[in-house]
**Student:** 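Below: one structure in structure tokens.
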Amino acid sequence: MMHHQPNNPLHGITLEQLLTELQQQLGWEGLAAEININCFKSDPSIKSSLKFLRRTPWAREQVEQLYIRLKH
């Protein structure tokens, strides 16, 4: 059962959803300019980026913070 979390701006948003929105808004070059990680620079794709971000907490945190900054 999911609980409403009014203080969590990422509640109910999957990593894939937020990455897709950021990629559509900024493009891969824009994402790479904001967050300097290779999965956005070298042959980027949603699938490969998700794989990297799920295994790399510091990078995921940066992507989530970018999403919050741009959406709120």
Side-chain angles (χ1 to χ4, degrees):
M1 181 175 178
M2 289 180 45
H3 298 284
H4 183 63
Q5 298 179 5
N7 296 328
N8 181 355
L10 297 175
H11 180 68
I13 301 169
T14 66
L15 181 59
E16 184 172 6
Q17 286 173 310
L18 71 86
L19 182 60
T20 300
E21 284 187 41
L22 287 172
Q23 194 279 325
Q24 289 172 346
Q25 184 175 350
L26 300 173
W28 292 116
E29 287 182 13
L31 274 169
E34 291 283 341
I35 305 169
N36 187 20
I37 52 179
N38 283 336
C39 69
F40 295 157
K41 293 192 259 183
S42 176
D43 194 25
S45 73
I46 295 292
K47 184 177 179 180
S48 66
S49 296
L50 284 172
K51 186 175 181 180
F52 175 77
L53 293 171
R54 286 179 177 137
R55 291 181 300 156
T56 316
W58 64 265
R60 181 179 181 148
E61 172 82 16
Q62 288 185 17
V63 171
E64 289 173 345
Q65 292 305 314
L66 175 62
Y67 180 84
I68 292 168
R69 202 167 68 239
L70 294 176
K71 294 293 179 182
H72 293 90

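Please read these numbers as outputs of a predicted model, since none were measured by experiment. For the single chain, residues carry numbers from 1 onward in sequence order.
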**Student:** Let me confirm one number: the CD1-CG distance from I46 to L19, rounded to the nearest 0.5 Å.
**Tutor:** 4.0 Å

**Student:** Under the salt bridge (charged side-chain N to carboxylate O under 4.0 Å, His left out) rule, what pairs show up with a residue in residues 16-30, not counting sequence neighbours?
**Tutor:** E21-K71

**Student:** With sequence neighbours excluded, tell me which residues meet side-chain hydrogen bond (donor to acceptor under 3.5 Å, both in side chains) with Q17.
**Tutor:** T14

**Student:** Mind jotting down which residue pairs meet the salt bridge (charged side-chain N to carboxylate O under 4.0 Å, His left out) criterion with at least one end in residues 34-44? Sequence neighbours excluded, please.
**Tutor:** E34-R69

**Student:** Would you please classify the geometry between the F52 ring and the W58 ring as parallel, tilted or perpendicular, with 30° and 60° separating the classes?
**Tutor:** perpendicular

**Student:** With salt bridge (charged side-chain N to carboxylate O under 4.0 Å, His left out) as the rule and sequence neighbours excluded, what pairs involving residues 55-67 come up?
**Tutor:** R60-E64

**Student:** Quick one, V63 with F40, criterion side-chain contact (heavy atoms from CB on, under 4.5 Å). Give me CA distance, side-chain angles, the key distance, then yes/no.
**Tutor:** CA-CA 11 Å; V63 171; F40 295 157; 3.9 Å; yes

**Student:** I need the L66 CG to I35 CD1 distance, nearest 0.5 Å.
**Tutor:** 4.5 Å

**Student:** When rounded to the nearest 0.5 angstrom, what is the spacing between CG in L53 and CD in Q62?
**Tutor:** 10.0 Å

**Student:** Find out whether Y67 and L15 are in side-chain contact, i.e. whether some heavy atom of one side chain is under 4.5 Å from a heavy atom of the other.
**Tutor:** no

**Student:** If you look at every heavy atom in P44 and C39, which pair is closest and at what distance?
**Tutor:** CB-O, 3.3 Å

**Student:** CD1 of I68 to CG of L70: how many Å apart, nearest 0.5 Å?
**Tutor:** 10.5 Å

**Student:** Which residues pass the side-chain hydrogen bond (donor to acceptor under 3.5 Å, both in side chains) test with S45, not counting sequence neighbours?
**Tutor:** S48

**Student:** Holding to side chain to side chain contact (heavy atoms under 4.5 Å, CB included), I want the full list of residues that pass it with S42, two or more places apart in sequence or in another chain.
**Tutor:** none

